[in-house]
Amino acid sequence: MIEHDFKTTFESSPEQSLFTPGRVNLIGEHTDYNGGMVLPTAIELGPRIALSPRNDDLVRIKSESFDDLIIRPLTDTPDDHWSDYIIGAVQFARKADMLSGGADIYVQTTLPFGAGLSSSAAIIVGILKISRTLSGKNISDTEIAVTARQVENEYIGMPCGIMDQMAVAVAYPGQALALDTDKLTFDLIALPETHHMAVIHSGKYRRLSEGRYKMRKEECDVVKEALGREDICKIS
């Protein structure tokens, strides 16, 4: 149990724990940052996060996937480390007045990092949702997703759209999210129980901030600037 592992690591029980699903996409590639439609679905794999706020500006992080206990100041800049996503999430939770200081955070996950299943989005959304609960703030899941995207775009420097964050913030396993990324309106669609979906790991690690994804995003940005609009998927 994550509560037991948290207490063993930090010598106190967590104030809140939460599971966030990963996601796979069914329809709509490279359309979410161009104002188009997407159809991702949440999956049963994902991270479980336990968190307790701190009164100082330290963030202590432990993941069962790694040996070391990470201790970083809340004001840390990205360091190309897996804990950057957690630091960014805590920073933005504090900006939104959902946390007043740092945090102790324990992460367990069944999602492989860098496999294209939105492990980073799930961790960020999970931390923001826990912070929302602890603060009592009236913040919608859509607003959580928007803030999570800001963490990736502005703190991490990852040029992603909104699809991953919306999928893991709004949908549950067994549901597909029919999302208009321009208006952030959506429908939740139950997947048929008569069919099964297989997701196969290629064994290749990838980062959205690098490679062809980043190149395609930059190409689309040139088109958007030339046309003076963000929703280029809806041009008729």
Side-chain angles (χ1 to χ4, degrees), residues 2-3 5-6 9-10 14-25 40 42-54 59-72 74 76 78-96 98-99 102-134 139 141 143-158 160-173 201 205-209:
I2 193 170
E3 289 79 10
D5 292 339
F6 184 100
T9 301
F10 299 115
E15 291 199 23
Q16 186 78 25
S17 64
L18 179 75
F19 170 81
T20 309
R23 75 96 189 96
V24 294
N25 193 27
I43 60 176
E44 294 181 356
L45 302 179
R48 180 167 291 278
I49 302 165
L51 184 151
S52 286
R54 294 179 59 87
V59 182
R60 298 194 298 174
I61 306 162
K62 182 68 174 72
S63 168
E64 68 173 7
S65 301
F66 303 97
D67 292 333
D68 295 338
L69 173 66
I70 307 299
I71 302 176
R72 297 177 60 174
L74 176 59
D76 243 9
D79 193 32
D80 198 28
H81 191 267
W82 63 266
S83 62
D84 288 346
Y85 298 97
I86 294 175
I87 298 296
V90 174
Q91 284 190 13
F92 274 74
R94 186 169 180 175
K95 287 181 182 179
M98 294 189 291
L99 289 175
D104 289 337
I105 298 172
Y106 197 102
V107 179
Q108 295 176 344
T109 184
T110 52
L111 281 176
F113 287 100
L117 299 177
S118 297
S119 59
S120 59
I123 288 173
I124 294 169
V125 165
I127 291 172
L128 293 175
K129 281 190 171 184
I130 291 175
S131 302
R132 175 183 63 183
T133 298
L134 293 175
I139 298 174
D141 286 345
E143 291 173 304
I144 289 287
V146 170
T147 301
R149 183 191 180 188
Q150 289 177 326
V151 173
E152 300 228 35
N153 290 172
E154 299 174 20
Y155 182 80
I156 301 296
M158 184 173 291
C160 61
I162 192 67
M163 177 180 68
D164 293 2
Q165 294 78 17
M166 283 293 291
V168 303
V170 174
Y172 290 90
H201 192 347
Y205 176 83
R206 73 186 187 104
R207 296 175 58 181
L208 296 185
S209 58

Quick one: [atom1] on [X] to [atom2] on [Y], what's the gap to the nearest 0.5 Å?
X	Y	atom1	atom2	result
Arg60	Ile71	CZ	CD1	6.0 Å
Ile86	Ile70	CD1	CD1	9.0 Å
Arg94	Ser131	CZ	OG	12.0 Å
Ile130	Met98	CD1	CE	11.0 Å

Checklist entry - In this structure, are over 12 heavy atoms from other groups packed under 6.0 Å from Glu44 atom CD? => result no
So [Y] and [X], do their side chains get closer than 4.5 Å, heavy atoms only?
X	Y	result
Ile127	Phe92	no
Tyr85	Ile61	no
Pro40	Met166	no

Contact summary for [X] and [Y], nearest pair of heavy atoms:
X	Y	value
Gln16	Leu134	CB-CD2, 4.0 Å
Gln165	Ala145	CB-O, 3.4 Å
Leu45	Leu111	CB-CD2, 3.7 Å
Ser120	Glu152	OG-OE2, 3.2 Å
Pro21	Ala171	CG-O, 3.9 Å
Thr20	Gly126	OG1-CA, 3.3 Å

Item to check | Plane angle bin for Phe10 and Tyr106 - parallel if under 30°, tilted between 30 and 60°, otherwise perpendicular | outcome: perpendicular
Item to check | Donor-acceptor contact below 3.5 Å, side chain Gln91 vs main chain Asp76 | outcome: yes
